[in-house]
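See below for the structure under consideration.
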Amino acid sequence: MENLGYLIPILFISGAGVVVLVAVAIVQDLRQERKYGYRQAFFTVVSLVMIALAVGSTASLVTTGLKASVLKKAQSNNQYRGTPPAFYLENQAPSGTPVTSTLTCATDCQFSAVDKQNFTDWKTNYQSWKDSIANSTQTRRDLAASLSLFIISLPLYLLFARWMNRGSAEEQKEHQRLSPLRSVYFYGVAFGGLILAVVSGAMLINTGLKVALKTETSNTGVIAAPTKFPGALSDTTGADSVVACADKCGFTAADVALAQQWKQDYQSTIKVAPSSTTQNDLANEIPLVAVGIPLFWFHFARIRKETQAQGAPATT
């Protein structure tokens, strides 16, 4: 559901638009300028809200598609799925000596019976974590959430926009001029689309310039690692000890490979590479440009055309 965050600023803008439209409708009614002022206001307000939802869900769909197909390194908080479960050694070696570093097992296996049992349990937990990552349904959840909202909002927009346009045509015949309500709606939506396109376009250019000028530092963002139980060693000590003690403790090649794979997964999940940040920025900025430009162009061209037609001299 993270991708539906697009709806927050879009709905905020549309909410301001609703207030303006209602105010215009009230003024028209008080002045008795329009016969169907409140009806048209209702159609217009619903059209505005539905197009806002359709735009937000469209941007979310594009973002989900980009992350799943083109910008595969793009990360989101939902996609980290937590760090993989760590394998911790007991605080004491079998001899009673405190374990303060990776076990080397130079002469004998230093894993206690509890350590070996914990390792067996850890393999099961880690495999479950890997399976949850491999079969992650987050992308499909994002897709389902965005698509369901789009499927509902777009038909409703088309329906209410049709009623709005029909009522506007009737009013224009009667009054020989456009309703202020209609002008506010079209110019307002055009303005909203322009703001989306300009702001996201500027952010897109900024991202491109940061890549071109190599402004990203070598430091990577770090995700908080899981909290260890009191007295536990560092997160990677257990896995490193499995690799070092494989021969003495009877760990199989598959066990060693699993420990090495865990270390790679652990390091990749607690650090966000600059390339991931860049792709994430692109995945969030491109959709807004893609929906903002047509949104502005369609509504601005439409109201401009209607205004010009209204101002054209009548032919005899």
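The figures here come from the full heavy-atom set of this structure, side chains too, leaving out hydrogens, waters and symmetry mates.
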Quick check on the hydrophobic clustering: are V199 and V55 connected, directly or via other members, by side-chain heavy-atom contacts under 4.5 Å? no

Is there side-chain contact between K210 and D281, with heavy atoms separated by less than 4.5 Å? yes

Determine whether Y187 and V19 fall in the same hydrophobic cluster, where Ile, Leu, Val, Met, Phe, Trp and Tyr are linked whenever their side-chain heavy atoms lie under 4.5 Å apart. no

Report yes or no: do L154 and F298 belong to one cluster of Ile/Leu/Val/Met/Phe/Trp/Tyr joined by side chain heavy-atom distances under 4.5 Å? no

Is there a side-chain contact between N280 and K67, using heavy atoms and a 4.5 Å cut-off? yes

Roughly how far apart are S60 OG and D142 CG, rounded to 0.5 Å? 6.0 Å

Identify the two heavy atoms, one from A190 and one from F296, that lie closest to each other, and give their separation to 0.1 Å. O-CD1, 3.2 Å

Nearest heavy-atom approach of V243 to A259 is CG2-CB, 4.1 Å

Locate the shortest heavy-atom distance separating Q40 from S168; write the atom from each residue and the value. NE2-N, 3.4 Å

Can you name the residues that form a ring pair (Phe, Tyr, Trp, His ring centres under 6.0 Å) with Y157, not counting sequence neighbours? none

Measure across A145 and S148 and return the closest heavy-atom pair with its distance rounded to 0.1 Å. O-OG, 2.9 Å

How close do A59 and L288 get, counting heavy atoms only, and between which atoms? CB-CD2, 4.3 Å

Would you check, one step at a time, whether the test side chain to side chain contact (heavy atoms under 4.5 Å, CB included) holds for D121 with Q117? CA-CA 6 Å; D121 296 338; Q117 181 58 49; 3.1 Å; yes

Do the side chains of F191 and L196 join up, straight or via other hydrophobic residues, at under 4.5 Å, putting them in one cluster? no

Shared hydrophobic cluster, V289 / I205 (ILVMFWY, side-chain heavy atoms < 4.5 Å): no

Do N118 and Y88 touch side chain to side chain, with heavy atoms closer than 4.5 Å? no

Check this for me: does any side-chain nitrogen of one of R302 and E306 sit under 4.0 Å from a carboxylate oxygen of the other? yes

Rounded to the nearest 0.5 Å, the CG atom of L282 sits from the OG1 atom of T207 at a distance of 5.5 Å

What's the spacing between S241 OG and F87 CZ if we round to 0.5 Å? 7.5 Å

Quick check for you: to the nearest 0.5 Å, what is the distance between Q279 atom CD and N284 atom CG? 12.0 Å

Side-chain contact test, heavy atoms from C-beta onward, threshold under 4.5 Å: evaluate it for K123 versus V242 and give yes or no. no

State whether cysteine residues C105 and C249 meet the disulfide criterion of an SG-SG distance below 2.5 Å. no

Drop me the distance from S200's OG to L204's CG, to the nearest 0.5 angstrom. 7.5 Å

Between D255 and T252, a side-chain donor and acceptor under 3.5 Å: yes

Measure the shortest side-chain to side-chain distance between W129 and D265 over non-hydrogen atoms and say whether it is less than 4.5 angstrom. yes

Indicate the ring-plane relationship of W262 and Y266, choosing parallel, tilted or perpendicular according to the 30° and 60° boundaries. parallel

Just wondering, do L156 and V46 contact through their side chains at under 4.5 Å, heavy atoms? no

Does any non-hydrogen side-chain atom of Q110 lie less than 4.5 Å from one of T104? yes

Which atom names give the shortest non-hydrogen contact between D108 and K248, and what distance separates them? C-CB, 4.2 Å

Residue pairs passing the ring-ring contact (aromatic ring centres under 6.0 Å, His included) test where at least one lies in residues 236-261, sequence neighbours excluded: F111-F251, F119-F251

pair W163-L159: side-chain heavy atoms closer than 4.5 Å: yes

With rounding to the nearest 0.5 angstrom, report the SG to CG distance, C109 to L103. 8.5 Å

Checking side chain to side chain donor-acceptor pair (under 3.5 Å) for the pair T237/D240: CA distance, chi angles, key distance, verdict? CA-CA 5 Å; T237 300; D240 292 337; 5.7 Å; no

